[in-house]
Amino acid sequence: QVQLVESGGGSVQAGGSLRLSCAVSGYTKSRYFMGWFRQAPGKEREGVAGIDSDGDGSTSYADSVKGRFTISKDNAKNTLYLQMNSLKPEDTAIYYCAAGAGALGWWLLLHRDEYNYWGQGTQVTVSS
């Protein structure tokens, strides 16, 4: 059974940084893609960043985080990361790690319906 466990959330002032981690276990597929999503109170869950873990490691970012967030993956550790810099109050949300089997074009990496497995989420709060 696939399990995704996020960590690294917390409270930070605007302009600060956080690094989220997502430990993956139980995955038996040879190729998969992964992503980070977030959901703020009263809003729909939205894609933040995605990565195709094999092949050329294509990535995709939401316009709102481009240049500030970086997604990466350590295949040896089965861990996904999201480095978040220059955080803004509007980045406040619960952040979820997600995974899906197979390959996925970069233009679909932020589409939540493509993902089969989800973590429990970690809270990120950015104060002004």
Side-chain angles (χ1 to χ4, degrees):
Q1 183 176 354
V2 176
Q3 285 192 319
L4 306 174
V5 180
E6 302 99 333
S7 61
S11 298
V12 65
Q13 289 191 329
S17 298
L18 284 173
R19 188 177 80 158
L20 305 183
S21 298
C22 174
V24 184
S25 62
Y27 217 97
T28 59
K29 301 296 182 181
S30 60
R31 182 168 181 172
Y32 54 99
F33 52 92
M34 297 192 72
W36 288 98
F37 292 75
R38 67 185 181 187
Q39 188 167 17
K43 294 187 177 181
E44 291 190 356
R45 191 171 300 188
E46 63 174 357
V48 175
I51 185 168
D52 183 10
S53 69
D54 295 304
D56 61 0
S58 298
T59 59
S60 182
Y61 294 92
D63 288 342
S64 58
V65 306
K66 281 181 181 176
R68 300 189 298 123
F69 291 11
T70 302
I71 188 171
S72 62
K73 190 175 185 298
D74 186 331
N75 289 329
K77 295 182 178 180
N78 289 329
T79 302
L80 181 74
Y81 301 101
L82 184 67
Q83 179 65 45
M84 305 185 294
N85 298 327
S86 302
L87 283 161
K88 304 176 181 179
E90 51 264 43
D91 294 319
T92 296
I94 299 174
Y95 282 70
Y96 298 90
C97 171
L104 192 67
W106 62 266
W107 59 93
L108 293 174
L109 287 171
L110 301 185
H111 290 221
R112 63 186 183 190
D113 291 343
E114 300 290 339
Y115 291 79
N116 307 107
Y117 304 101
W118 293 84
Q120 82 289 349
T122 185
Q123 177 71 46
V124 171
T125 302
V126 184
S127 58
S128 57

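Between atom CZ of residue Arg31 and atom CG of residue Asp52 there is a gap of 4.5 Å, rounded to the nearest 0.5 Å. Interatomic distance, Arg19 CZ to Thr70 OG1, rounded to the nearest 0.5 Å: 11.5 Å. Once rounded to the nearest 0.5 Å, the distance linking CG of Leu109 with CE of Met34 reads 11.5 Å.
Looking at every heavy atom in both residues, Ala62 comes nearest to Gly47 through CB-O, 3.4 Å. Closest approach of Gln123 to Ala93, counting heavy atoms only: NE2-O, 3.4 Å. Across Val5 and Gln120, no two heavy atoms sit closer than the pair CA-OE1, 3.9 Å. Residues Leu87 and Arg68 share a closest heavy-atom pair of CA-NH1, 3.8 Å. Nearest heavy-atom pair across Tyr115 and Gly35 is CE2-N, 3.5 Å. In plain terms, the two heavy atoms of Val65 and Val48 that are nearest each other are CG2-O, 3.6 Å.
We find that Lys88 and Asp91 are not joined by a salt bridge, their nearest charged nitrogen and carboxylate oxygen being 4.0 Å or further apart.
At distances below 3.5 Å, not a single donor-acceptor pair connects side-chain atoms of Arg45 with backbone N or O atoms of Arg112. For the pair Tyr61 (side chain) and Ile71 (backbone), a donor-acceptor distance under 3.5 Å is present.
Taking the six-membered ring for Trp and thresholds of 30 and 60 degrees, Tyr95 and Phe69 have ring planes inclined between 30 and 60 degrees apart.
With respect to Trp36, the side-chain contact (heavy atoms from CB on, under 4.5 Å) criterion is satisfied by exactly one of Leu110, Leu82, Ile51: Leu82. Tyr81 pairs with exactly one of Cys22, Ser72, Cys97 by the side-chain contact (heavy atoms from CB on, under 4.5 Å) rule, that one being Ser72.
Within 6.0 Å of CH2 in Trp118 there are more than 12 heavy atoms belonging to other residues, nucleotides or ligands.
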After noting the C-alpha distance and the side-chain angles of Met84 and Leu20, does the key distance pass the side chain to side chain contact (heavy atoms under 4.5 Å, CB included) rule? CA-CA 8 Å; Met84 305 185 294; Leu20 305 183; 3.7 Å; yes

- Task: Give the C-alpha distance, both sets of side-chain angles, the deciding distance and a yes or no for side chain to side chain contact (heavy atoms under 4.5 Å, CB included) between Ser64 and Arg38.
- Result: CA-CA 12 Å; Ser64 58; Arg38 67 185 181 187; 3.4 Å; yes

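Criterion: ILVMFWY side-chain heavy atoms under 4.5 Å apart, direct or through other members. Under it, Ile94 and Val124 are not part of a common hydrophobic cluster. Following chains of ILVMFWY side-chain contacts shorter than 4.5 Å, one can reach Phe37 starting from Leu104, so the two form part of one hydrophobic cluster.
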